[in-house]
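Being a predicted model, the structure only gives us computed values, none of them experimental. Residue numbers start from 1 in every chain, and the chains themselves are labelled A, B, ... in the order their sequence lines are given, proteins ahead of strands.
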2 protein chains.
Amino acid sequence: MTRASESGAGDAASGSPGVVAAADPAGVRLPRPIPDATVSRLAVYLRLLGQFAEQGAATVSSEELATASGVNSAKLRKDLSYLGSYGTRGVGYEVGALQHQLERVLGLDHRQSVALVGVGNLGHALAGYAGFGGRGFPIDAMFDVSPDLVGSTINGIEVGHVRDIETVCRARGVTIGMVATPAPVAQDVCDLLVAGGVESILNFAPVVLQVPDEVEVRKVDLAVELQVLAFHVARRHGVAGTLGSTNGTVNGSVVSPS
Amino acid sequence: MTRASESGAGDAASGSPGVVAAADPAGVRLPRPIPDATVSRLAVYLRLLGQFAEQGAATVSSEELATASGVNSAKLRKDLSYLGSYGTRGVGYEVGALQHQLERVLGLDHRQSVALVGVGNLGHALAGYAGFGGRGFPIDAMFDVSPDLVGSTINGIEVGHVRDIETVCRARGVTIGMVATPAPVAQDVCDLLVAGGVESILNFAPVVLQVPDEVEVRKVDLAVELQVLAFHVARRHGVAGTLGSTNGTVNGSVVSPS
DNA sequence: GCATGTGAAACCGTTCACAGCG
DNA sequence: CGCTGTGAACGGTTTCACATGC
């Protein structure tokens, strides 16, 4: 019944089913399904559109928005094409309209209710992270087990006891849960969130969470990120050993033939 | 000279060149280049191997390790095959040997020197995050600009002023930099790290960093992660509108035919 | 017999190049 | 003429299925 998903952050497209367009009984306008990889970029485009808007730009070309986002223009155009035609040929995209459209597609016009479990080191930082509240996702429920924390107020939110997760989440219609607990209890906490009707979980604990198929899990694993970087450092310095690469410095280019 | 990389976290394999095996002048054992996607999983396998070791297991089968990691066994075997043959047919993998091998490949046998810039909300949490020090990456330099923080000691490390980044990083041979500053100064800080010889950067600020080609950047963007989750929530609830999906509830499975 | 290791096929996402349109 | 939108080519990752070897 429960399968391990974890379409992790540092991950490519894992085994997760990917996003698909729904059935279309009425024969309405039906854009093709949006790839997961595209969705993450849409969020980035949206942020940059905000900056263009602040600067008073009425339109942006795919080239401008693309370089600002660190992608090439072809990819950007293809990404935007998934949500229909909101550009004008020969001109570019109308900033306001595109912003609005992206917000709709990303589900930002419906207010999302976010719960945070684990208000320790990392959790406390997440609670105060401006990147959420500022035009985004205000956290409106927190949980922990520590007597020092339960009952205290952080950022205007009272920290509840983990045992109340299910009730509170269901009552407030929480849709997104963030797990910032120590690894050993992460799965238990996850189960409670799921029991409370939470459909999406952002997992900071270094464990692979088991969830029902309907629940989406994304993982942010800081240690893995660092290890990937360490790997690249090691590569550059020539790991040598029994692993090939006997010469000192190796630059990024392909060398090994046949 | 400087190009935008950002092979971001939530990203699939971006434009980054990918990892390649070096030339092999001597004709030694030469494993094929390791795909980026594989590298992130190797880190996960390594953690789980630690757990198997604690439980006293001498060997693991690909099936065991795979289900524990949330991947299928074929993928795991292919991943491990990139580092040579460390399994025994009919038996499985020898836990200790595999651990050691993974540590070597990931560059964990060389101590990495990590610097953290920005000891505010998030940075402070990262400084105390056990996931780094515990069998991993002890942070050994911190920087900020706030007079309240500069000169103070966190986790046994004295916080230096941002203006000293270049000198200190070069002196201590810092290889990995973590940017946990507000967005507006992230690029400046990044430039300082690069000037100090840092080759790999883990970026928590919501900006696309511009770096020279030799520098590897990975991005952890919490807001983007939440937005991707929000998208999935919206999908499930049927965004409707002009976007297809007129029916109320849509489960994860593919529906749209031809 | 059983589990690894691996070519080959299927799949997905990115890049290219150009047709289409304001 | 310029820029969007997109079919087609490309490259990388996952999956399959089986040969290989203990």
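- The CG-P distance, from A:Leu83 to D:dT6, rounds to 11 Å in whole Å.
- Rounded to whole angstrom, the span from the CD atom of A:Gln101 across to the C1' atom of D:dT4 amounts to 16 Å.
- In this structure, B:Leu80 atom CG and C:dT6 atom C1' are separated by 13 Å, rounded to whole Å.
- Within residues 59-66 of chain B, the residues approached by DNA chain C to less than 4.0 Å at the level of any non-hydrogen atom are B:Ser61, B:Ser62, in residue-number order.
- Taking atom NZ of residue B:Lys75 and atom C1' of nucleotide D:dT13, one finds them 8 Å apart after rounding to whole Å.
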All N/O donor-acceptor pairs, side-chain side in residues 44-57 of chain B, below 3.5 Å, sequence neighbours left out:
| from | atom 1 | to | atom 2 | distance (Å) |
| --- | --- | --- | --- | --- |
| B:Tyr45 | OH | B:Asp79 | OD2 | 2.6 |
| B:Arg47 | NE | A:Pro206 | O | 3.2 |
| B:Arg47 | NH1 | A:Asp221 | OD2 | 3.2 |
| B:Arg47 | NH2 | A:Asp221 | OD2 | 2.5 |

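- Between A:Tyr93 and the phosphate of D:dG5, there is a side-chain N or O to OP1/OP2 separation shorter than 4.0 Å.
- Between the OG atom of B:Ser40 and the CZ atom of B:Arg218 there is a distance of 5.5 Å, given to the nearest 0.5 Å.
- Between B:Thr88 and the phosphate of D:dC22, there is no side-chain N or O to OP1/OP2 separation shorter than 4.0 Å.
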For nucleotides 16-21 of chain C, 5' to 3', base contacts (B), sugar-phosphate-only contacts (S) and non-contacts (-) with protein non-hydrogen atoms under 4.0 Å give -B--BB
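- Taken to the nearest 0.5 Å, the CG atom of B:Asn203 stands 11.5 Å off from the CE atom of B:Met178.
- In this structure, the side chains of B:Asp191 and B:Leu193 stay at 4.5 Å or more apart for every pair of heavy atoms.
- Rounding to whole angstrom units, CD1 of residue A:Ile34 and P of D:dT6 are separated by 14 Å.
- As a whole-Å value, the separation of B:Asp79 CG from C:dT6 C1' is 13 Å.
- A sub-4.0 Å separation between OP1 or OP2 of D:dC3 and a side-chain N or O of A:Tyr86 is absent.
- To the nearest angstrom, C1' of D:dC22 lies 16 Å from CD of B:Glu94.
- For the atom pair OG (A:Ser200) and CZ (B:Arg235), the distance works out to 13.5 Å, reported to the nearest 0.5 Å.
- Here B:Thr88 pairs with B:Val91 under the side-chain contact (heavy atoms from CB on, under 4.5 Å) rule; sequence neighbours left out.
- The side chain to side chain donor-acceptor pair (under 3.5 Å) check on A:Asp188 picks up nothing, with sequence neighbours excluded.
- In this structure, the CG atom of B:Leu76 is 14 Å from the P atom of C:dT6, given to the nearest Å.
- Residues forming a side-chain contact (heavy atoms from CB on, under 4.5 Å) with A:Ala186 (at least two apart in sequence, or on another chain): A:Val179, A:Thr181, A:Ala205, A:Val207, A:Leu209.
- B:Arg77 CZ to B:Tyr82 OH: the interatomic distance, rounded to the nearest 0.5 Å, is 13.5 Å.
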